[in-house]
Peer 1: 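Got a structure for you, questions after.
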Amino acid sequence: MKKVVSLVLALMLVFSLAACNGKDKAKKDDGKITVGVVQTNANESDWRTANTKSMNEAFAEAGFETKMVFGEGDHAKQIAQAQQLIQEEVDYLVILGLQSAGWEDVAKAAKDAGIPLIMADRKLDLTEDLYTAMVCSDFEAEGVKAVDWLKTQDMDEVNIVVLGGDTGSSAQLGRSKAIEDGAAANGWNIVFNQNMKGWDETLAKQAVADLIASGKEFNVIYAENDNMARGACDAMDAAGITYGKTGDVKVIAFDANKWALEKVLAGEFNLDIECNPLHGPRLVSLIQSLEKGEKIEKNVYVEEEMFDAETITQAIVDARSY
Amino acid sequence: MQNAVLRMRGIYKSFPGVRALQNVDFRLCEGEIHALMGENGAGKSTLIKVLTGVYVKESGEINLKGLDKPVTIKSPQEAQKLGISTVYQEITLCPNLTVAENMFIGRTDELIVNWKKRIEKTNVILSSLGIPAKATQQLSSCSIAVQQMVAIARAVDMECKVLILDEPTSSLDDQEVSKLFSLMRDLRDRGVGIIFVTHFLDQVYEVCDKITVLRNGELVGEYLIRDLPRVELVSKMLGKELGDLSSLHNETACDIARQQEIVIEANELSSDSGIKPFNFKTCKGEVTGFAGLLGSGRSECVRAIFGADHVTGGEIKIHGESVRITSPLKAMKKGIGYLSEDRKRDGIIGDLSVRENMILALQVMRGFFKPFSKAQAQAFADEYIKILGIKTASADTPISSLSGGNQQKVILARWLLTHPDYLILDEPTRGIDIGTKVDIQKLVLKLAEEGMSITFISSEIEEMLRTCSRLIVMRDLNIVGEIKGEDMTQDRIMHTIAGGATTHGDS
Amino acid sequence: MATHDNTINHARSASIIRSIVKHNIFIPCAFLILLLLINIFINPGFLKVSMGTDSNGHPVLIGNLINILSNATELVILAIGMTLVTASSKGQDISVGATLAISGGVVMRVLCGNETQPSSLHAPIIVALLLGCLAGMACGAFNGILVSRFKIQPMIATLILFTAGRSIASMAMGGLKPKAVSSFGYYGNFIPGFPIPTPILITVLVIIITMLVLKFTNLGLYTRAVGVNAKASSLNGLNPSLIKFLTFVVLGLCVGIAGFVQSSRVQTVNPFTIVPSIEMDVILAVALGGNSLGGGKFNMTGSIIGAYTIQTLTSMLMTLNVNTNAVPVFKAAIIVILVVIQAPIVKAFFSALMADLKSKNNRGKGDDTYVVVE
């Protein structure tokens, strides 16, 4: 008897779910475009906050309906969320992956469902036929910019401390690869190369303090985000080591948050390379082109600016919105 | 003699600081029930553990029937394979499985299990041994006695030649004990050699054929049961004549002057343990007893007085003053001490030292912010180790490594340290050796003499007859009678417990 | 005669060695010393402490040892609380990382208000410290009630805050990531003019207070009694639920202090990345200290040493510049060795071995005496 009841209940549940789906379909016909966004974390950094805000604002302005979900550090969760959005039959699926691997099944499911898949922020390991478009930061190119800048610095000996981000994230992989290749090609020493869990300021600070205490000589800090660069500077402050425009150690940072640009302006950071978080408008124009059936450029790399302490001005800092 | 199924010769085993077994011989024949006797710490458990592979002997020889070479037993599994099975006081089966599952668990020799066949087989075994259980019944739904019998049946089914029963009767009532005994006799007649370890002398004389006595890790001797009267057995276990046990008697029945001074008075007291509202009072220097079967409510009464259970009604007066006791701490502050029934579960704090166990109650009364200094605590511990003759390597030894009797003395010391006006001793003599039992009874009389009121609860009626001046008899959570003075005889108590004696005598 | 004296001296020193070896903090200490020796071997300047000046010209001590002592602060303070919780509740609090984020977040919010880069502190630092500790204790109380009153297993009860804590912290900060002025950094770095890092002073203070509390109150005895046998304890007048609850609140206080120090280190808190996976390191510290994670008796000194051991290990792997991807493997391998050597089975084996050696020695000595008598 119990079993029969539970069977009936289970069937009812299935039907009601099916009914829900039906409703979703009905909604689609009102002409509004629904965009499903799989975002990484809600609040991981200032950069991410600006990134999320940009998408929400741009989509709302364009009259899209946004369904944004957050993986909160969990790669598997992101994949499940993407599958769920496909189930809900969104019109476009935008993925900002925590990790670059493991997205094939999601991409195939989206393709089968006829949902265009757009990779944003970070490039995923997918073959060309599995996605519709890409609006990504080219992290390696960012790193190469830093390497090129370092070449112009005319130093006798280059001893680099690499403070990496979360192991395995595409930003860490790209930026670390650029400096590793650059060091090999130019005969620079990498005296330290470790990844800090969670791009964390405190960990970076402790790592640099340990290096100083061990008596390791270095004259370049290559921090893969602004926060870790700040942590490294704190550690050097505490040990009386000078850095920046007038100091012994050159500090290279990435992301270029507004507060970091202020540090560049103050001469504390030598170089900050932008990683533009304002994906919203770009995504909107891309989706609108797709709607109109226009031809699009499949792989778009975001244009990144570079801020040098020698050339930065107050106006540039003031223009920064995040 | 006839067919020895097990022979142990010259067994040695020592632990750091202790020679647990020295040159011990033991012989078990086919078809006999052999009692292994000795005080706690005499080496019984060590010998059993050597035999079952829990400990490895240092030297000596173990021979089993049918094997021409001496065996070395390295683990309980090996012992089982050799046909040595043990049933412990605590049930070691899985209560959440069925009887049949328990019978076969851990014995999988076949890949595919035919449960139908197994259930049939289990039922056959159960009925052949006269065990009142069904194969498909969940084990926890059987009484403790039946669970124990199932454990025995499992051992029998594993074709054991040597069956060790380690204190199997401690938690059984009389009826269950007699059922167990008939099962034991049945097995004996089938040729199984049974080693029976117990503290109950009566049971030894009821069921055993032979007795081996150990003392201080050495063999005293092996005797036929008919050659060794009780008194001699006890004196062999203790190594001294036991003249004083029989002379032990409470002569300090409340005299008139003391009767005036009521220490504790409970009126219509009841608690959430289900005890019916009861009245109780005791005067200064009186030893009262609660008699009754297990579960008759004797522990529940004293727990209600101590505030160990949630009190739901009634009042308590101490020295004539009405007090509210809602927790053990309040009872302790009012001068009540309670040595709980289940020593292992409710008494000792296993991993803590003898010293910490002793001072705990007094320390709690003193308060969170006033710990005793180590020297103070040590002084208390030394004092009571000496007074009570506690055998322990030092006051720092964890209490769990002491023998049962010595653990009980430590707990007793814990309460004596609080200097209570009224001390409740709930089964203080259970599961401990006879020497300590006598010590505790003597102590009770001495304390009463000095003016402490004591309630003494024991399953052994003789002990209560010796120590108490007044007995309260319980049945089914009710007080059904009170016996004192010359009425205090075994017969009278039995009749009251059984019902009927309060209205008329022998019918 | 001289030989005789020698024998006695020998026996006495042997017994001293034996009592040291048998002491329950011997193994944790031995590990720590071994790790330090390895460090010295790899980097001879490891123990060197030199006096430097910071960028403002104030004197500061610089050295690996100083860094380890300073960086271990949060770990040590949390391990103290965790030891008590483990002993009383027979389980661990896995939410300490997340609740540390909450108390750190509260500290930042109190100091910075709604500004991201305030030019001055919005409240006195003592207020921030107190409120941070209160937040930590509130989280501890929440966990404590679930464990003691509702009898939920500690791991499951604390899973709630483990999951939600960092988001709560973000909410407590109003979604902002403020950076406080550098004078707030005194507590996580240096007080200008005083060369010893403040976290070391705070650790020493916390350890002293802990030892005083354990000496002058019955917290230790009660916690152990309840952890070993709650039922028997309640018949001795203790209230096991209350004591379990209290240990969680004490851990909450430790979290509050640790959160304050941590937030002062870089004067900012990112609730999602602050002290990543510290809960596992804390539990490990307790285990390395020779404590049973099954509760009961505890060894506070052991836990503290365990915490320093882990920090030394972390710092060592960092400065050795082992390939980043291999760091967890190294850490795990070393920890496996530490834990296995402390397993009762291995301990028993070694003490049997010692006893064996001793008896052989004695036999040898016996022969000597015989010769002398002849």
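Just so it is clear: chains get the letters A, B, ... in the order the sequence lines come, proteins before strands, and each one is counted from 1. Keep in mind that what you see is a predicted model, and the values were worked out from it rather than measured.
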Peer 1: Should we count CZ of B/Arg366 as having more than 12 external heavy atoms under 6.0 Å?
Peer 2: yes
Peer 1: Taking non-hydrogen atoms and a cut-off under 4.5 angstrom, which of residues 234-253 of chain C neighbour chain B?
Peer 2: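 Answer by number: C/Ser234, C/Leu235, C/Asn236, C/Gly237, C/Leu238.
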Peer 1: Can you establish whether the number of heavy atoms outside C/Phe349 located under 6.0 Å from its atom CZ is more than 12?
Peer 2: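 Not more than 12 within 6.0 Å, no.
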Peer 1: Given heavy-atom pairs under 4.5 angstrom as the criterion, report whether the side chain, backbone, both or neither of B/Ile348 touches chain C.
Peer 2: backbone
Peer 1: Output the option from B/Val364, B/Ile359, B/Leu352 having the highest count of non-hydrogen pairs under 4.5 Å with chain C.
Peer 2: B/Val364
Peer 1: Could you tell me which portion of B/Lys370 (side chain, backbone, both or neither) has an atom closer than 4.5 angstrom to a non-hydrogen atom of chain C?
Peer 2: backbone
Peer 1: Examine distances only and state if a side-chain atom of C/Asn229 and a backbone atom of B/Gly347 form a donor-acceptor pair shorter than 3.5 Å.
Peer 2: no
Peer 1: Taking all non-hydrogen atoms of both residues into account, name the closest pair between B/Ile349 and C/Ala232 and its distance.
Peer 2: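 Heavy-atom minimum between the residues: CD1-CB, 4.0 Å.
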Peer 1: Determine which residues belonging to residues 205-219 of chain C lie within contact range of chain B, meaning some heavy atom pair is under 4.5 Å apart, and list them by number or answer 'none'.
Peer 2: C/Lys215, C/Phe216, C/Thr217, C/Asn218, C/Leu219
Peer 1: Kindly check if the number of other-residue, nucleotide or ligand heavy atoms within 6.0 Å of CD (B/Glu58) is above 12?
Peer 2: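 Yes, the 6.0 Å shell around CD holds more than 12 heavy atoms from other groups.
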